[in-house]
2 protein chains.
Amino acid sequence: MGSNVTLKHIAEVLDVSAMTVSRALNDRDNVDEKTKQRIREKAKSMGYTPNRVAKSLVSRKTHTIGVVIPEITHAFFPEVVRGIEEVVYNSGYQLFLTNANEQFEREKEAIETLRAQRVDGLLVSSSLTREDYAFYKKIIEGGAKVVFFDRCIENIGASCVSVNDRESSQKITEHLILEHNYSKIAHLSGPQKVSIGRERLQGFLDAMNAQDIPINKDWIVQAGFREDTGYEAMWNLLQDHADNLPEAVVALNDPTAIGAIDAIQEFGLSVPEDIAIVGFTDDIRSSLLDPPLTTVHQPAYEIGEKAAEKLIQTIEEEDPEVEKIEVPTRLQIRSSCGCSSDQIHTD
Amino acid sequence: MGSNVTLKHIAEVLDVSAMTVSRALNDRDNVDEKTKQRIREKAKSMGYTPNRVAKSLVSRKTHTIGVVIPEITHAFFPEVVRGIEEVVYNSGYQLFLTNANEQFEREKEAIETLRAQRVDGLLVSSSLTREDYAFYKKIIEGGAKVVFFDRCIENIGASCVSVNDRESSQKITEHLILEHNYSKIAHLSGPQKVSIGRERLQGFLDAMNAQDIPINKDWIVQAGFREDTGYEAMWNLLQDHADNLPEAVVALNDPTAIGAIDAIQEFGLSVPEDIAIVGFTDDIRSSLLDPPLTTVHQPAYEIGEKAAEKLIQTIEEEDPEVEKIEVPTRLQIRSSCGCSSDQIHTD
DNA sequence: TTGTATGCGTTATCAC
DNA sequence: GTGATAACGCATACAA
């Protein structure tokens, strides 16, 4: 792969030194204009492509960035990637995209490979579900440039771009309490070792406390990140507490909310009449659901842009600041929360 | 990025030659077991990571594969990518994923970069919309290993994995004719320079001809690949031919069908009562639409797997066969075609 | 079992 | 302006 003509080949044909060819092709000014022309033409006609592998070996720069996402089929991430691409592309870098499939082992392997490949920096949304930050701590201390996004690992010297998860979660919970007067509210929660799992649970609790609503621990359940895990968690909750069901559910993201709606409906109850539900993400499907899902809109594209900008700054600047960047969300009210569809803005 | 300790560093510390360190770390058998142990431990404690850039320069292999997709936000492609990943990952390769955003110029640039990066092979679904195959012809003749998927470029020496587009398109069109007795049928078509655009139009025509249905050329319109272009094409069709509207529409993919449904409903007509519509893809949203979309289910994951397998074979075998691989589809009947929801299988 | 020389394709450096 | 040489980090080929 790649063309197999090298500087040397061109040099031989033209009877100049490889060095002159290199200079000509890199448009240095200490080359005669005529020879420069000759060399360029010959290079083109021979189909020369510079070998970046060799180039990188010398320059110790690859102009590539590695991206690690936990789940490519969760529509949020492809949208983030588009934002990343836009920035990275315009800055002359190339992307290495890897998908960890929610498995930290795979994430680690991907990062090892990426680093062996000598990417200039790493953009990661971690699948980490245990408190094993040692891995990241080590590579960051070793000088790796990394910026986390969405699922952050904090206080280990890396910048991070995310939404104000806690505040947003509080807001949407308060919508249920204040607009709809629900007080029996459950939370489908994410792994507590993942930042968004923690933050969104905290926001939920903040709202409950601020409004003096008693918290029922039986209704705070682990629901993973995906549709199938959300379905299962909700189904179990319905089974186990059939005698005392919540009136509303705050799901930690849209996929789990979608799974939960299935479970509720299959259980013979209706949304939002029997149980209202809200999500977090604003998945591409959420406006199409029956009922359309009220959720927190996360500006995925913008998160990608911001993260990429921060990483490039981290790579290129002398003494980059470690920042925690928050991108604002907005409530996307639809009807799964109990709002009637004629009083709401649909998109 | 990457650790900066090299074989040489380890060698100096241990007072052996760099070569011995290399051998030990690659687990060659012509190294004393004890020194092998010493070296390994020291390498680990020093945080050594082999520099693949250097390795690749020697071996002329990078163990990376470049993937070029036209549209990362069309859910079909992320699913294909998951299939690719599964295979590639288990074969010890790494992925370089790039998104051309339906722009051939970007696709070309991505491929140039990928090749300069010396990827071992290329998996591409082309955004090409003109008959400019010269680019691919040249690189394939130059020895590049490439396998196309979904959007293929044929007869230029590369293998290709896709569904039987033409036959599937014929089948779903015949469903409209034979099951629902529609005869006034329109086609939202894709660019004719893209394989799926051509094939799906052909399948549509095959069905019409086979069933002796007259073809109205006014009802065969260019509709791009996306929701917005589908909306626009359908809207224009409704405007321009309000006096003589089709009873049914065959859209070349689900995104355009989704856009078209919007247009029809906004025009004040209903689906499928006034105009029935079918798609092609089985997008993640299609079962959630109102009405749920009848479509051709394309096994995205499997397409990814097959393409990756073929590419790896192409890379690793001596004299790989150039193949055209077809993955079978199935009709996913829902209700946008006019089938009533109680007689159909939903998923 | 271990070490030395050499080359992969490119560029920095110093000479001419 | 242009060329020779060395170096980037590793592995192959050969020597000891």
Side-chain angles (χ1 to χ4, degrees), chain A residues 1-40 42-43 46-64 112-113 115-120, chain B residues 1-40 42-43 46-64 112-113 115-120 142-143:
Chain A
M1 285 280 315
S3 71
N4 26 22
V5 316
T6 69
L7 293 181
K8 212 171 164 187
H9 295 147
I10 302 175
E12 278 163 10
V13 175
L14 257 37
D15 201 36
V16 293
S17 75
M19 201 51 232
T20 302
V21 179
S22 168
R23 282 194 268 250
L25 264 19
N26 286 299
D27 204 17
R28 302 297 169 80
D29 43 13
N30 51 350
V31 185
D32 186 274
E33 258 316 315
K34 281 178 216 151
T35 45
K36 210 185 247 186
Q37 278 309 324
R38 276 173 58 220
I39 290 171
R40 280 181 175 166
K42 184 56 84 179
M46 292 176 73
Y48 172 77
T49 329
N51 184 329
R52 296 218 188 172
V53 175
K55 237 175 178 151
S56 298
L57 188 59
V58 176
S59 68
R60 293 149 165 288
K61 280 273 295 178
T62 56
H63 285 279
T64 57
E112 295 291 11
T113 315
R115 299 189 71 222
Q117 222 88 245
R118 295 313 194 254
V119 293
D120 295 335
Chain B
M1 285 280 316
S3 70
N4 26 21
V5 314
T6 70
L7 293 182
K8 211 172 167 186
H9 295 147
I10 302 176
E12 278 164 10
V13 175
L14 257 35
D15 201 36
V16 293
S17 75
M19 202 49 233
T20 303
V21 178
S22 168
R23 283 194 269 251
L25 264 19
N26 286 301
D27 204 16
R28 301 296 169 81
D29 43 13
N30 52 349
V31 185
D32 186 272
E33 257 317 313
K34 280 177 218 152
T35 45
K36 209 186 251 184
Q37 278 309 324
R38 276 173 56 220
I39 290 171
R40 281 179 176 168
K42 184 55 83 179
M46 293 176 71
Y48 172 77
T49 328
N51 184 329
R52 296 217 189 176
V53 174
K55 236 173 178 153
S56 298
L57 189 58
V58 174
S59 68
R60 294 149 164 285
K61 281 271 296 178
T62 55
H63 284 279
T64 56
E112 295 291 11
T113 315
R115 299 190 72 222
Q117 222 86 246
R118 295 316 195 251
V119 294
D120 295 335

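A, B, ... follow the sequence lines: proteins, then strands. Residue 1 opens every chain. The model shown is predicted, which means the values in this text are computed figures rather than measured ones.
Put simply, CG on A:Asp27 is 16 Å from C1' on C:dT11, counting in whole angstrom units. Spacing between atom CG of B:Leu25 and atom P of C:dT2 amounts to 14 Å, rounded to whole angstrom units. Rounded to whole angstrom, the span from the CD1 atom of B:Ile39 across to the C1' atom of C:dT2 amounts to 10 Å. In this structure, B:Lys61 atom NZ and D:dA11 atom P are separated by 15 Å, rounded to whole Å.
Side chains of B:Pro50 and B:Lys55 form a contact here, defined as non-hydrogen atoms less than 4.5 Å apart.
A donor-acceptor pair is defined here as one N or O able to donate and one able to accept, closer than 3.5 Å; no such pair exists between the side chain of B:Thr49 and the backbone of A:Ala116. A:Thr62 contributes a side-chain N or O that, together with a main-chain N or O of A:Arg118, makes up a donor-acceptor pair within less than 3.5 Å. Counting only distance, with no hydrogens or angles, the side chain of B:Asp120 and the backbone of B:Lys61 share no donor-acceptor pair below 3.5 Å. Formation of a donor-acceptor pair under 3.5 Å by the A:Asp32 side chain with backbone atoms of A:Lys34 is found in this model.
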Residues 12-25 of chain A, side-chain donor-acceptor partners within the protein, below 3.5 Å, at least two apart:
from    : atom 1 : to      : atom 2 : distance (Å)
A:Ser17 : OG     : A:Met19 : N      : 3.4
A:Ser17 : OG     : A:Thr20 : N      : 3.2
A:Ser17 : OG     : A:Thr20 : OG1    : 3.1

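Every residue meeting the ring-ring contact (aromatic ring centres under 6.0 Å, His included) condition with B:His63, not counting sequence neighbours, appears here in chain and number order: B:Tyr93. The salt bridge (charged side-chain N to carboxylate O under 4.0 Å, His left out) search around B:Lys8 returns none, not counting sequence neighbours. Every residue meeting the side chain to side chain donor-acceptor pair (under 3.5 Å) condition with B:Asp27, not counting sequence neighbours, appears here in chain and number order: B:Lys36, B:Arg40. Residues that satisfy the side-chain contact (heavy atoms from CB on, under 4.5 Å) test with B:Thr113, not counting sequence neighbours, are A:Arg52, A:Gln94, B:Gln117.
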Could you list the protein-to-nucleotides 2-5 of chain D atom pairs, N/O on both sides, closer than 3.5 Å?
from  : atom 1 : to      : atom 2 : distance (Å)
D:dT2 : OP2    : A:Asp32 : N      : 2.9
D:dT2 : OP2    : A:Thr35 : OG1    : 3.1
D:dG3 : OP2    : A:Ser17 : N      : 3.0
D:dG3 : OP2    : A:Ser17 : OG     : 3.1
D:dG3 : OP2    : A:Thr20 : OG1    : 2.5
D:dG3 : N7     : A:Arg23 : NH2    : 2.5
D:dG3 : O6     : A:Arg23 : NH1    : 3.2
D:dG3 : O6     : A:Arg23 : NH2    : 3.3

Protein-nucleic acid N or O pairs under 3.5 Å, nucleotides 7-9 of chain C:
from  : atom 1 : to      : atom 2 : distance (Å)
C:dC8 : O3'    : B:Arg60 : NH2    : 3.2
C:dG9 : OP1    : B:Arg60 : NH2    : 2.4

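OP1 or OP2 of C:dA12 lies within a sub-4.0 Å distance of a side-chain N or O belonging to A:Arg28.
Once rounded to the nearest 0.5 Å, the distance linking OH of B:Tyr48 with NE2 of B:His9 reads 11.0 Å.
Rounded to 10°, the helix from C:dT1-D:dA16 to C:dC16-D:dG1 has 50° between the axis fitted to its first five pairs and the one fitted to its last five.
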